[in-house]
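Note sheet for the following structure.
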There are 2 protein chains.
Amino acid sequence: MASIKDVAAEAGVSVATVSRVLNDHPSVSEDARTRVLAAVETLGYRPNAVARSLRTDQTHTLGLVISDVMNPYFTELARSVEEEARALGYSVIIGNADERPDLQDHHVRTLLDRRIDGLLVSPTDGGSPLMLDAARAGTPMVFVDRWIPGVDVPVVRADGREAVRDLVAHLHGLGHRRLAIIAGPAATTTGSERVEAFRAAMSEYGLPLPDAYIGQGDFQAESGRLVTEGFLDLPEPPEVVFAADNLMALGALDAVRARGLRVPDDLALAAFDDIRWFVHTDPPITAIAQPTGELGRAAVRALVDRIEGRPPQSVTLAARLVVRRSCGENPARNRSQS
Amino acid sequence: MASIKDVAAEAGVSVATVSRVLNDHPSVSEDARTRVLAAVETLGYRPNAVARSLRTDQTHTLGLVISDVMNPYFTELARSVEEEARALGYSVIIGNADERPDLQDHHVRTLLDRRIDGLLVSPTDGGSPLMLDAARAGTPMVFVDRWIPGVDVPVVRADGREAVRDLVAHLHGLGHRRLAIIAGPAATTTGSERVEAFRAAMSEYGLPLPDAYIGQGDFQAESGRLVTEGFLDLPEPPEVVFAADNLMALGALDAVRARGLRVPDDLALAAFDDIRWFVHTDPPITAIAQPTGELGRAAVRALVDRIEGRPPQSVTLAARLVVRRSCGENPARNRSQS
DNA sequence: GCAGTCGATGTAATCGATTCCATGAACGAT
DNA sequence: ATCGTTCATGGAATCGATTACATCGACTGC
């Protein structure tokens with residue numbers, strides 16, 4: 001590949017002048033500029049980003065470490081992150097942790113080695129020393145969706161408390177009393193918060209939440225299936241299962257189907273995180289929708305603020321309940337929602 | 001951040017020795033090695049990948065430019081690519097083209113600027129000059145899923161011809177005669193091949209495929225909806241719609257639902273690309289499944305072969321039909337499939 | 001008419017690694 | 001004892017950019 005030296009030679013100027021033209025520095029004669037631009041054109045020259053980064057100590061790259069790309073929620077998050085980053089002049093490198101702390105660590109390490117300008121993380125666990133050290137050492141960082149308490153890093157997330165209360169109200173209104181939850185890993189904030197919100201809403205309605213109705217999942221479909229199996233094997237199975245993410249809801253659906261049972265007649269189902277397919281499942285699934293795109297964009301803005309020396313801000317947006325038919329019919333309500 | 005100089009100073013050796021220890025060069029005394037390792041430990045030193053890349057002209061990074069991350073097929077592809085790459089010691093940077101040639105170009109350019117070691121592309125169009133030039137200039141490249149004819153680049157893809165024939169046989173067997181297709185963009189190989197395979201299979205069964213039954217989509221859900229609307233408005237609407245990808249099938253479902261019609265009674269539906277949710281849609285959707293994970297892995301192996309100087313190989317794997325209920329009941333057959 | 005300023009340009013240092021080459025010590029062979 | 005290897009090590013060049021500093025000519029102002 002042609003380097004800046006080749007361009008300088010071709011244009012009959014020094015490399016400094018070429019660099020100045022490329023970074024449109026004011027002090028360049030019109031003549032030199034056109035000659036350099038012509039040389040760039042004929043040689044098909046493109047600046048070497050690696051060399052530039054070494055010199056300037058900036059990569060114009062953001063790292064995004066997410067828990068699971070195969071989860072449509074995170075896919076959408078990743079997409080909005082990349083869009084906003086691109087709009088602000090940054091690239092994004094995605095690291096998929098697959099809900100595994102060791103993989104998360106691997107990606108954080110690799111990204112740090114590449115000297116990314118900042119890191120967006122949705123932590124899979126309580127946080128490895130590596131990540132915490134990086135945060136303390138001043139690596140610009142922002143948590144998105146999930147976060148780690150006690151670390152001085154801005155957080156961009158959705159608050160589902162309100163929506164979970166709406167959900168419980170909805171279920172209660174339909175006559176359901178035995179509600180169970182498939183929780184996410186307790187090490188994640190979203191894992192524990194959703195259970196807490198659910199528990200709080202339950203007690204508000206005077207409903208008990210026995211331990212047997214709290215299943216431990218790991219945000220993956222298979223765990224949703226297993227936990228649901230367990231619920232169905234109980235002497236007194238729940239009437240409703242609330243899955244703390246969409247993949248576990250999928251697993252729950254698998255379990256119900258495998259037994260030849262039906263939703264919502266035999267078991268009602270609701271999920272945290274709304275995805276397009278929920279409209280077309282049998283039956284359409286009631287879910288709590290997060291403003292995913294807005295979260296991704298806000299997270300990027302916060303991170304770039306931090307990188308460029310402006311004070312970054314934590315952001316919390318509200319999630320909302322989308323009622324469909326997976327918890328039972330309520331003829332009066334389903335029309336307006338989709 | 002600590003640099004190699006700091007480590008050298010701390011260990012009381014030269015930077016050359018530090019570098020040798022880090023790259024385990026044989027000629028290093030045991031004494032020096034331990035001192036360097038200790039210094040690395042106390043300083044928390046991590047080599048700067050940017051500097052290393054500049055010197056060695058290798059980034060150990062692969063670029064992956066795909067048409068649409070939000071399409072579960074590509075998400076899975078991306079995931080398997082990253083897995084295999086990681087196993088072979090490479091990182092992956094994903095560029096999402098969103099089916100837009102300009103975005104595809106943007107990502108190819110950015111990746112080339114970063115001097116990635118090789119490029120995996122699922123082209124959105126016939127190929128921009130930029131991409132073709134890069135291929136000609138010797139950038140290691142492999143096409144995956146889609147490809148560009150006439151370019152000397154290995155291709156890793158699935159062949160759906162056989163499966164499409166099976167699908168048409170299945171539909172014919174169920175008594176359907178008026179079959180329509182929602183095609184992908186003609187500029188993509190998958191867009192045109194799937195139509196061709198469909199056309200060939202149709203004529204094999206003596207079925208006509210009028211132009212009105214060939215809808216032009218763009219692999220996005222919205223186009224599937226629009227095309228399906230069009231089909232339904234026809235004086236003689238088709239009995240079956242075959243969507244060339246899963247997102248357009250989703251759009252088709254939206255259209256059918258909006259009219260209060262039912263699948264498969266009012267309109268049967270089949271899709272290219274199988275995804276987990278198809279099991280749980282109403283009704284479960286008959287689809288053609290690609291060996292996605294294997295495609296991703298094979299593509300990475302081919303690319304890395306090329307990068308490391310071994311001759312790369314094109315790979316074609318077979319897709320297969322998965323029968324469910326969206327094309328009508330055939331009581332004898334549905335049991336074994338899922 | 002001359003000092004001072006400004007604009008355009010080039011030279012060279014620098015970023016953090018890798019690696020060629022030179023050097024010197026140790027050691028075995030003759 | 002001397003010569004030739006081999007091993008461990010350090011000095012310095014290098015990758016491709018950016019940028020501080022120096023230089024030089026032209027122009028302005030008094």
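A, B, ... follow the sequence lines: proteins, then strands. Residue 1 opens every chain.
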Show each protein N/O and nucleotides 26-28 of chain C N/O combination with a separation under 3.5 Å, one pair to a line.
none

Contacts under 3.5 Å, N or O only, protein and nucleotides 22-25 of chain D:
none

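Rounded to 10°, the helix from C:dG1-D:dC30 to C:dT30-D:dA1 has 50° between the axis fitted to its first five pairs and the one fitted to its last five.
Rounded to whole angstrom, the span from the CG atom of A:Leu54 across to the P atom of D:dT14 amounts to 17 Å. For A:Asp24 and D:dT19, the CG to P distance is 12 Å, given to the nearest whole Å.
Not counting sequence neighbours, the partners of A:Ser67 by the side chain to side chain contact (heavy atoms under 4.5 Å, CB included) test are A:Phe74, A:Glu99, A:Ser122, A:Thr124, A:Arg146. For A:Arg100, the salt bridge (Lys or Arg N to Asp or Glu O under 4.0 Å) test picks out A:Asp102, with sequence neighbours left out. With sequence neighbours left out, the side-chain hydrogen bond (donor to acceptor under 3.5 Å, both in side chains) criterion links A:His60 to A:Gln58. Annotation: side-chain hydrogen bond (donor to acceptor under 3.5 Å, both in side chains) contacts of A:Arg35 (sequence neighbours excluded): A:Asp31.
Ion pair A:Asp105/A:Arg109 flagged as a salt bridge, since at least one NZ, NE, NH1 or NH2 atom sits closer than 4.0 Å to an Asp/Glu carboxylate oxygen.
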Open item on the list: For nucleotides 9-14 of chain C, give me one character per nucleotide, 5' to 3': B if any protein heavy atom sits under 4.0 Å from the base, S if the only such contacts are to the sugar-phosphate, - if neither.
Closed with: BBB-BB
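Among residues at least two apart or in separate chains, there is no ring-ring contact (aromatic ring centres under 6.0 Å, His included) pair with a member in residues 28-51 of chain A.
For the contact set between residues 3-10 of chain A and DNA chain C, defined by any heavy atom under 4.0 Å, there are no members. The stretch residues 107-118 of chain B has no heavy atom under 4.0 Å from DNA chain C, so no residue of it qualifies as close. Proximity of residues 36-51 of chain B to DNA chain D (heavy atom under 4.0 angstrom from any strand atom) is not detected for any residue.
Within 4.0 Å (heavy atoms only), A:Asp57 reaches no atom of the nucleic acid at all.
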